[in-house]
Trainee: 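First, the structure itself, so that you have it in front of you.
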Protein chains: 2
Amino acid sequence: MKFVLVSTILAAFLITGPAAGDSGDGHNLMPAPAELSFGGGALVIDGSFSVSFDGYRESRLERAASRLLERISAQAGIIFIPAYDGIDGAGTVLSIRVDKAGEAVQSLHEDESYRLVIDGCGARLNSATPVGALRGIETFLQLIEPGPRGFAVPFVTIKDEPRFRWRGLLVDSCRHWLPPGVIHRTLDAMAAVKLNVLHWHLSEDQGFRVESKLFPKLQLKGSDGNYYTQEEIRAVVSHARDLGIRVVPEFDMPGHASAWLVGYPELGSAPGPYHIARRWGVFPPVLDPTREEVYAFLDKFIGEMTGLFPDEYFHIGGDEVVDDHWRANPRIQEFMVRRGIADSHALQTYFNGRVLKILQRHGKKMIGWDEIFHPELPHDIVVQSWRGRESLADGARKGYLGILSNGYYIDLFFHAADHYTVDPLGGPAAALSEEEKARILGGEACMWGELITPELIDSRIWPRTAAVAERFWSPAEITDVDDMYRRLEIQSRRLESLGLNHRAFTRVFLERLAGPGGSIEHLRILAAALEPVKDYTRHRTRDYTSHTPLNRLVDAIPSDSPFARRFNMSVERMLASREGWDLHKTEVTDLLAGLKANHAGLLPLLKSRAVLREIVPLSETVSRLAAAALEAIDSISAGIKPDDDWVGEVDGLLLAAEADKQPQHEVQIAILPVIKALVDRAGVQ
Amino acid sequence: MKFVLVSTILAAFLITGPAAGDSGDGHNLMPAPAELSFGGGALVIDGSFSVSFDGYRESRLERAASRLLERISAQAGIIFIPAYDGIDGAGTVLSIRVDKAGEAVQSLHEDESYRLVIDGCGARLNSATPVGALRGIETFLQLIEPGPRGFAVPFVTIKDEPRFRWRGLLVDSCRHWLPPGVIHRTLDAMAAVKLNVLHWHLSEDQGFRVESKLFPKLQLKGSDGNYYTQEEIRAVVSHARDLGIRVVPEFDMPGHASAWLVGYPELGSAPGPYHIARRWGVFPPVLDPTREEVYAFLDKFIGEMTGLFPDEYFHIGGDEVVDDHWRANPRIQEFMVRRGIADSHALQTYFNGRVLKILQRHGKKMIGWDEIFHPELPHDIVVQSWRGRESLADGARKGYLGILSNGYYIDLFFHAADHYTVDPLGGPAAALSEEEKARILGGEACMWGELITPELIDSRIWPRTAAVAERFWSPAEITDVDDMYRRLEIQSRRLESLGLNHRAFTRVFLERLAGPGGSIEHLRILAAALEPVKDYTRHRTRDYTSHTPLNRLVDAIPSDSPFARRFNMSVERMLASREGWDLHKTEVTDLLAGLKANHAGLLPLLKSRAVLREIVPLSETVSRLAAAALEAIDSISAGIKPDDDWVGEVDGLLLAAEADKQPQHEVQIAILPVIKALVDRAGVQ
């Protein structure tokens, strides 16, 4: 065995999770509760812990209590035996008192508030409804920590309720197929961070994912065999209800409709035949709004789906309609003239009006993307804003309900902080009246599916979505980004306990890339300094299709590198003051030395794996950047300005590393800005 | 942030998995096939890969092919789209040709052989039966590795068949409850290493885990509510059949019977009432062999179970009968006198004879532990030897079929190598004739459940059981322990891909012990140097009950520390030769320095967590041992014998560390022997 020396402090930095001494003075809850105050003491949680109920009871609460015990057992290794004759009944009791039944079908108006008091007399959780109790149970679980007397919950008084009523996550099961297990574990994680809407994107150009018994060609021709049976859908809806989560299905119409039309070309605006789309983007296939058969079809279809999805809202998509087929179809053009329909947007509005009537007949309210908005629509529709916060504020001003998704596109590889700092009531909405603001119901994180697989979706949703969930639940004033990241790491550990794979994923995937005989020792060091390129850059870089393997370094690494965040923070502190310099210099130097030396150790592996070969130059660049940063530190320490040759060379290197942002490997160097800052500092002394 | 310096090489050693340069010249398969030869080339596996069938077909094979694609997809990030119109059909094809249907109920005689040829013309898997194809598909999956041209399988010719027909894993669902998900993922892992029998231990003093519709008080009174519904059992049996795994249920009788008797005390030999046992060990409750009602009950019960468990064998346990209640019951004593039954063992034999007739009436053959053996039993019974290899050989000599479990008790925290070197045909069996040897059908690893939970069972079964599986499948000559460990690490990664948690478990559990604010930086270093105490020591140390929390350091760490194995190997090589000394000194010195420094960094965490406080002295001992070893190395390097004071002090330390083997924390220092060897060497120069 032979080892290239790995940097000493690097080892510590590569362990994600809070570092020793990192733990804040505040709480470790996420989302943060509306009101919280700690008392001075704690209740021990051991095998004699139990849950008691008072007031209203239902089976959903019993199941929640069972899950609570199971999760304590898994987290704390405590073994609960129901009705164990050896227990003396003297243990800590969580008394749950629920006032009344919740809504038969959970709506926007469900009361989710709860009050949790833990003191010397025990733990008492009070709520108006079972859903409030579910939220409080999640808080209780987050309070359990190991301490000097064993696992315990601190004395605390929490009064909590959500800031927004609609706190969603969009999961796109269409662009890549996601088996039911993925949806179930995602629901568990959503409940843990108090999200309450699963927006389930179920039809797209790339797939129709629901079994219809009335129109079986929808799934048989439009899904490649990958669809949810009605039984599987019922199981998801039922699991969601158990967790206090609404399921809002989206069937995109009239555009994004290729998959509908493969089996039923007669619904389309062009003659067909139609095919499942294999590329990403926006495509021409579109329903024909001029034919009564289309509405008859939708009436029956929506009626059938109503039996599966009890939620009061039904999402019709309505985004990105391409009107090529409308314009090319003389019959459609003639219809528009006859009816005085001015343009394609008006034709979509006509379509929406017809669909709205169908929905209303089936007792549903409409929700759709920005494009559905039209002042003739009733005020109980919800407009989901993907275009921007301006359109959200506009709608509210005009009396419409809205939710924000712009700023929460978690498929775009941004940092948690980027999403966290977007507030549905911020920006243009800040100028609204209180009445108008009340129309902004909340928001949704959107997990669009172009670049995910069942394996890697967890690492794209989590932990970042927990930060979005806090934005939707917690008071607007809670905006400390550093504290958010501290608690996000803690929450990330908790989510792993629920069965999510996002934490182990990078290691596991790097091991697969390295192969059975390969060590990931050096690969993980390089990976730690990298992040996927942001925004839509990956799509601009490579011609992705639904068939493109997702097995490269960019797919293995998180959007938000914990290593880079900590490294960048150390360099920033180092540059901020003389004390910071002295405090962080050893650490930063050590990390840079590790990064500098890494390339030599990594190179043989990179060269021997096709899938890794593309990052050879990148690995070398990181090594050279680290070397330059070390030289900059030496120069600053010595108080000697570097010579022009060095400056020229390093500027070239930095420029190349910048320009290197959008190459085939689709990753960027997450520590580049602070390295640049170090080099700049060397030059200005 | 503040970091105690972690040893440089330590970081590399803490990454489990093969180190760079570790990959052997041989293959990475586990179990090793009977015959294998590599050609010079490889077939690329990408999105155009497909499976074709020839010869006999059945739905089990179709499902196996789907799983194969799913697993390639998960491992290699390749996305398969069934019937994708864009595929040109030019990809690698795995052609599976099966000659004929397998047995309707898989038995001992199922043909599991297969032949796999991969060359320039493609991959061809031929087998007599679908079960053979399943085995070959697992081999094919193990062959896929990333390489210079992407993921690929090497040109190879493999002719393979198992050495033993009975290759089992006993899973004890009684002593701690294991939800169905645990059983399913265990089956997946068993199939991956070509085990073919799940021996499912379903009744015990601590729980009766099966739903009986005829006798519902069995589960309602005997299980604390934790039992498998008949539907859940059918799902397990069906999943097992899909994987070519038999399910042999064990209902232990007449002893280990407390849980039967809680609901049906009238079957017992004492008046009752009976209670579920909460402690471990052997208890007096025992069925009454003298009452016809007991046989009537068993007749109906076994009849009902026959509907659930199609396997030809039915395990009646039969071990460790305590005869207190028989001796104390005058009616039973009288019965024995009347029938001329000499003693309690004869009474058990009488009982077994009656049960045998019941089994035969239901078309079942009997299997039981050593104690059931009696020369009047028919020769198709199987005796499972837990007592030793002598009794196994004895049975074979007398014409009885047998399987070996002695030596494969994976609940006792031994090393993989300890089990790997036990051969069912070794020891006393080596002297048997070929005909007698043929009666030894194989063996079973036994996962007894006293110290497991659903969370930690994976880390106790895997990866060690893969080594046992190789012993049962592969040729007897394959005994290289170092190569076994090399391939075991590779197989361990593969098992993680199947959904097993054994690799992530230690980290996750240490994080839980450290709590939300705690780093595991130092805890994992200490943990790496430790292993649970071996054999039954934990039970001698602490009065475990079914209610004892399993959340201490000993529960978090694997039985076989990969770190310690590598460290020990380096020290051994260092001491073996002058070259070894030069080659390994830096590395060993560095590791020891890290271990020495670790205690100071770890102490604050240990002190602040009740559950970790017990290991404070141990952490200090490891640190002092490392210091002593460093001093020994210095002394050897300098060629100066240490003085008597030092020798006395270090001998005391070593003695204390030895004697410290069975304290409350139940762990031992896995690197102690090589530290002792270093110290000894210093003293003899």
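Keep in mind that the numbers below use all heavy atoms, side chains included, and drop hydrogens, waters and symmetry copies. To find a chain, count down the sequence lines: A is the first, B the second, and so on, and within it residues start at 1. Remember, predicted model here, so these are calculated numbers, not experimental data.
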Trainee: Given 3.5 Å as the limit, does a donor-acceptor pair link the side chain of B:Asp224 with the main chain of A:Ile81, or not?
Mentor: no

Trainee: Using non-hydrogen atoms only, which part of B:Arg613 is less than 4.5 Å away from chain A: side chain, backbone, both, or neither?
Mentor: side chain

Trainee: Between A:Glu511 and B:Arg494, is the closest basic N to carboxylate O distance under 4.0 Å?
Mentor: no

Trainee: How many angstroms lie between atom CZ of B:Phe151 and atom CG of A:Leu513, to the nearest 0.5 angstrom?
Mentor: 5.5 Å

Trainee: Nearest 0.5 angstrom please: A:Ile78 CD1 to B:Asn551 CG, how far?
Mentor: 6.5 Å

Trainee: Of the listed residues (B:Gly499, B:Ala76, B:Pro454), which shares the most heavy-atom pairs with chain A below a 4.5 Å separation?
Mentor: B:Ala76

Trainee: Side chain, backbone, both or neither: which part of B:Ser497 has an atom under 4.5 Å from a heavy atom of chain A?
Mentor: both

Trainee: So, B:Asn28 side chain and A:Pro516 main chain: donor-acceptor pair closer than 3.5 Å or not?
Mentor: no

Trainee: Out of A:Arg552, A:Arg507, A:Gln142, A:Gln491, which one racks up the most heavy-atom pairs below 4.5 Å with chain B?
Mentor: A:Arg507

Trainee: Give the member of A:Pro604, A:Gly77, A:Ser608 that has the highest number of heavy-atom pairs under 4.5 Å with chain B.
Mentor: A:Gly77

Trainee: Which heavy-atom pair separates B:Ala610 from A:Arg149 by the least distance, and what is that distance?
Mentor: CB-C, 3.6 Å

Trainee: Looking at B:Pro146 and A:Arg512, what are the two nearest heavy atoms and their distance?
Mentor: CG-O, 3.3 Å

Trainee: Quick one: what part of B:Arg487 sits under 4.5 Å from any heavy atom of chain A, side chain, backbone, both or neither?
Mentor: neither

Trainee: Let me confirm one number: the NE2-OG distance from B:His176 to A:Ser73, rounded to the nearest 0.5 Å.
Mentor: 9.0 Å

Trainee: May I ask you to name which of B:Ala74, B:Pro549, B:Ala504, B:Gly150 has the most heavy-atom pairs under 4.5 Å with chain A?
Mentor: B:Ala74

Trainee: Rounded at 0.5 Å granularity, tell me how far CD1 in B:Ile79 sits from CG in A:Leu550.
Mentor: 4.0 Å

